[in-house]
Each structure stands twice: as structure tokens, then as C-alpha cells.
Engineer: 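The structure follows.
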Amino acid sequence: MTELLIKNTTLVQIREQTTTILKGKTLKELPVLENAWIRCQGDRILDFDTMDNCPSGQGQVVDAKGRYVFPSWCDSHTHLVFAAYREQEFVQRISGMSYAEIAASGGGILNSARRLRAMSEDELFRAAHKRLKQLIARGTGAIEIKSGYGLSVVGELKMLRVIKRLKAASPIPIKASFLGAHALPAAFKEDREGYMDLLIDKLLPVIAEEELADYVDIFCEKGFFSVGEAVRMMEAGNKYGLSAKIHTNQFNSMGGIEAAIAHNAISVDHLEVVNEAEISALVNSKVIPTLLPSAPFFLQDHYPPARQLVDAGLPVTLASDFNPGTSPSGKMAFVVALACIKLKMLPSEAINAATLNGAAAMELENDYGSITKGKKANLFITKPIPSIAYIPYGFTEEIVDEVIINGQLLGKQLV
Ligand code: NIG
Ligand code: FE
């Protein structure tokens with residue numbers, strides 16, 4: 001079995017296997033071990049300790065003096081598979097159009113769906129695979145990817161099959177979410193129910209049969225899908241053993257959170273607009289609130305009330321929402337920076353939210369998200385930095401120096 005020893009380093013986010021999610025006050029505790037070494041054997045973390053009892057390495061040895069070792073980022077919400085960027089809409093927004101207006105005029109998600117229709121499965125796969133490799137080089141070590149730019153039987157299956165191929169080709173774990181209910185396609189403008197029937201009666205059985213998804217998702221928002229439709233989708237998903245991770249409360253508060261709680265969803269994502277009653281409901285549930293600050297940053301919209309959510313005792317999680325419309329970046333270090341700068345999260349809170357809690361939001365917390373003996377060795381070594389807080393502080397800097405995936409040093413050529 002291959003062995004890798006990293007020495008003279010500071011280990012960040014060291015945990016016992018029993019710590020699986022961090023909420024409220026515990027979110028700001030970020031355990032570190034200074035002047036330390038860590039040893040990986042095969043694809044797992046074997047052990048770690050301080051330099052006074054450093055073993056002699058059996059295999060590759062890395063001296064990480066002045067550098068930190070982190071568990072990889074766990075990005076629990078992305079739309080990584082898409083055909084093209086949408087920078088024309090970015091310009092339209094600068095000129096005064098809103099995201100909703102662009103969507104209502106046939107742009108937005110429907111624009112992405114048109115572009116996706118014109119692209120072959122192979123081309124889509126190649127483009128997404130390239131993006132995935134770039135994200136791995138920037139420290140992402142587990143990721144969730146949604147469909148939702150297909151919006152037809154053929155298109156959604158094409159996307160989900162691309163995600164399945166990515167799973168097979170990827171050295172990092174991928175979770176797939178079926179987001180057929182992302183926008184109502186023009187052909188169903190007068191027949192919302194017909195579209196929901198198509199998703200639930202035609203698509204879900206094939207998705208379940210071919211094991212194309214781990215979760216169902218729906219964009220529960222005015223102008224997109226109602227709470228009733230979200231309930232239908234979650235119930236249908238549950239029948240096939242698929243839990244839900246839903247988009248809700250991005251622009252309006254309309255009951256998506258309560259519905260998600262009632263249907264044992266894994267997470268509710270966005271929460272830019274959230275009220276006291278919804279926060280209390282979340283406190284009494286197991287549903288993970290996932291914040292995606294790069295979307296309001298890019299849309300110049302208001303940010304989720306992260307402080308209120310953390311102070312209420314919730315396991316706040318951070319993800320990138322990488323997509324061509326509202327967040328054309330999957331760089332998790334930038335998400336952590338935004339969380340500190342705009343959401344007033346402490347660096348330690350943001351790092352916990354982007355690692356262990358992100359893993360929990362993909363049900364991967366037993367193997368990823370922290371430096372724990374026996375967990376998968378998905379790690380990154382930083383460049384020499386003065387402190388952990390420097391990561392969000394130096395927000396334009398590339399802080400990832402070397403990446404370790406499944407105990408293998410990928411080297412610097414990727415970064
Ligand atoms: O999470 N809000 C819905 N879905 C994406 C945006 C998708 C798009 O505009 O392409 C989001 O922000
Ligand atoms: Fe999203």
C-alpha cells in the first residue's frame with residue numbers, strides 16, 4: 001500500500017469520528033494541531049501527531065514547513081454540468097434588468113436549457129470534467145452536482161448520465177441531484193401539471209432504475225415552482241428512496257422550508273430571505289441550512305442572515321452554487337471569504353461550514369470533511385500563510401499549494 005507522510009505542518013480540523021456536524025457555538029471551534037505530521041496509507045488517513053514522535057516515512061515524504069494541511073472542501077450544492085456561460089445576462093443585469101425579468105423573458109435557466117439541447121453528451125461530459133478537475137485543484141474533495149438544464153426527458157437524462165460518467169471518472173465522490181423542476185419549459189407554459197407528471201411519472205422511474213440520482217431537488221420560488229409542487233416532488237422522491245435537497249427562500253419566503261422539514265429533506269439551500277418562524281422550525285428539525293453567498297454577491301442581492309442562523313444553534317453549511325447564471329465560480333476559498341466578509345461568519349465558522357458540514361449535507365460525513373483517523377485522505381496543503389484567518393482575508397489569493405486525493409499527492413501541475 002502506498003504511504004505518504006507530511007511533516008512540519010499545522011493540521012486543521014482534526015476531529016474524532018463521532019463528531020459529524022457542527023452547530024451553533026460549536027461551529028466556531030476549529031481544532032488544530034501545530035508542529036505536526038500526518039500519515040496516509042492507501043486512500044485513508046492512518047495517523048497523525050506532533051513532531052516529537054514523527055515516524056520515518058515508508059513512502060513519499062513532504063516537508064510542509066510554514067504550510068497548513070486542511071481536509072478538502074466539501075461543496076454540497078453545484079450545477080457543474082452546463083453547456084455555456086451566460087455573460088450576456090450579466091451585462092443585462094448591469095444595465096438594470098433583474099434575474100427574474102431575464103428569466104421571464106426566456107433567458108436564465110431556459111437559455112441554459114436551449115444551449116444544453118444543442119450539445120452532445122460527450123461534449124457536455126468533457127466540459128464538466130474539465131471544470132471538475134479545476135475545482136479539485138482548488139481544494140474541493142467532495143461535490144454534489146444537479147441536473148436541471150435539461151427540462152425534458154431527453155435533456156434531463158443526458159445531464160444525469162453525464163453526472164454518472166463523472167462519478168466513474170472522478171477521484172472524488174460525487175452526489176447527483178435530479179432538478180427537473182428547475183424552470184417550467186415553454187412547451188408546458190399552460191400545463192404545469194403536465195410537466196410535473198412528466199418529471200414524476202416518466203423520468204423518476206428511469207432515474208431510479210438506472211440509479212442516476214441520489215437526491216431530488218426543486219426550485220421552490222415565485223415564478224418557478226410552488227410549495228405544492230415541491231411537496232409532490234419530495235413525496236415522489238421518497239417513494240424511490242431519494243431524499244430531497246431543495247432550493248428555497250432565494251427571493252421569497254413561501255413555505256418551502258416547512259415543507260422540506262415535513263418531508264425529511266437533507267438540506268434547504270439559499271435562505272437569503274428567511275423569517276423567525278422558519279428559523280425556529282429549522283431549530284427543531286434535522287434539515288441542514290445551506291448558504292450560497294456567491295449567488296447574492298453576483299446578483300447584488302441581499303445575503304442570508306447567517307449570524308441569526310448560527311446564533312439560533314443551526315448547523316449552517318456553505319456551498320458554491322457553481323452555475324452559469326448566479327454563481328459562475330466553484331472556488332470554495334472565495335465562498336469562505338464571502339461568508340466572513342458579507343455574512344459576518346468567523347473564519348473558523350466558515351471553514352467548518354465548508355468542510356464537515358458540507359460533507360454532512362451530502363451524507364458523506366463518515367468519510368470526508370475532517371482530519372480523522374480512518375477517513376479518506378482528501379486534503380490540501382496551503383501555500384505558506386501567516387494564519388488560518390489569512391485564507392478569507394487574502395480573498396483573491398490562490399492558497400492551495402498541493403492536493404492529496406485518496407492518499408495520492410496530485411502535485412502542483414494541476415493548480
Ligand atoms: O441556485 N436558483 C436556481 N438555480 C440556480 C441558478 C440557475 C441559473 O440561473 O442557471 C441557483 O442560483
Ligand atoms: Fe443552485
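Both ligands and their constituent atoms are indexed starting at 1 by order of listing.
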Engineer: Give the ring-plane orientation class for Phe334 versus Phe297, where under 30° counts as parallel, over 60° as perpendicular and anything between as tilted.
Structural biologist: perpendicular
Engineer: Would Lys375 pass as a cation-pi partner of Tyr368, given that its NZ or CZ must be under 6.0 Å from the six-membered ring centre and within 45 degrees of the axis?
Structural biologist: no
Engineer: Give me the nearest non-hydrogen protein atom to atom 2 (N) of ligand 1 as residue plus atom name, then the distance to 0.1 Å.
Structural biologist: Gln250 OE1, 2.7 Å
Engineer: How is the N/O/S atom of His77 that comes nearest to the Fe ion (ligand 2) named?
Structural biologist: NE2
Engineer: Can you tell me how far apart CD1 (Ile351) and CG (Leu22) are? Round to the nearest 0.5 Å.
Structural biologist: 12.5 Å
Engineer: Which pair of heavy atoms, one from His182 and one from Gly148, lies closest together, and at what distance?
Structural biologist: ND1-O, 2.9 Å
Engineer: Report, in ascending order of atom number, the atoms of ligand 1 lying under 4.0 Å from any heavy atom of Ile109.
Structural biologist: 7 (C), 8 (C), 9 (O), 10 (O)
Engineer: Between Tyr99 and ligand 1, which residue portion shows a heavy-atom distance shorter than 4.0 Å: side chain, backbone, both, or neither?
Structural biologist: side chain
Engineer: Do me a favour and list the nearest non-hydrogen protein atom to atom 12 (O) of ligand 1 with residue, atom name and distance?
Structural biologist: Thr326 OG1, 2.7 Å
Engineer: Can you tell me which portion of Tyr149 lies within the under-4.0 Å heavy-atom range of ligand 1? Options are side chain, backbone, both, or neither.
Structural biologist: side chain
Engineer: With carbon and hydrogen excluded and only N/O/S kept, which atom of Asp321 is nearest the Fe ion (ligand 2)?
Structural biologist: OD1
Engineer: Answer yes when Glu210 and Lys164 have at least one side-chain N-carboxylate O distance shorter than 4.0 Å, and no when they do not.
Structural biologist: no
Engineer: Only one of Leu410, Asp43, Leu379, Ile38 clears side-chain contact (heavy atoms from CB on, under 4.5 Å) with Ile404; which?
Structural biologist: Leu379
Engineer: Quick check on Glu221 - does any of its heavy atoms sit under 4.0 Å from an atom of ligand 1?
Structural biologist: no
Engineer: Any Lys/Arg nitrogen of Glu363 or Lys245 sitting under 4.0 Å from an Asp/Glu carboxylate oxygen of the other?
Structural biologist: no
Engineer: Which ligand 1 atoms are under 4.0 Å away from a heavy-atom of His270?
Structural biologist: 1 (O), 2 (N), 11 (C), 12 (O)
Engineer: Students should be able to answer this: which protein heavy-atom is nearest to atom 4 (N) of ligand 1, and at what distance?
Structural biologist: His182 NE2, 2.8 Å
Engineer: Identify whether the distance between the nearest side-chain nitrogen and carboxylate oxygen of Glu398 and Lys383 falls below 4.0 Å.
Structural biologist: no
Engineer: Looking at atom 11 (C) of ligand 1, what's its closest protein heavy atom, distance included?
Structural biologist: Asp321 OD2, 3.1 Å
Engineer: Can you name the N, O or S atom of His79 that is closest to the Fe ion (ligand 2)?
Structural biologist: NE2
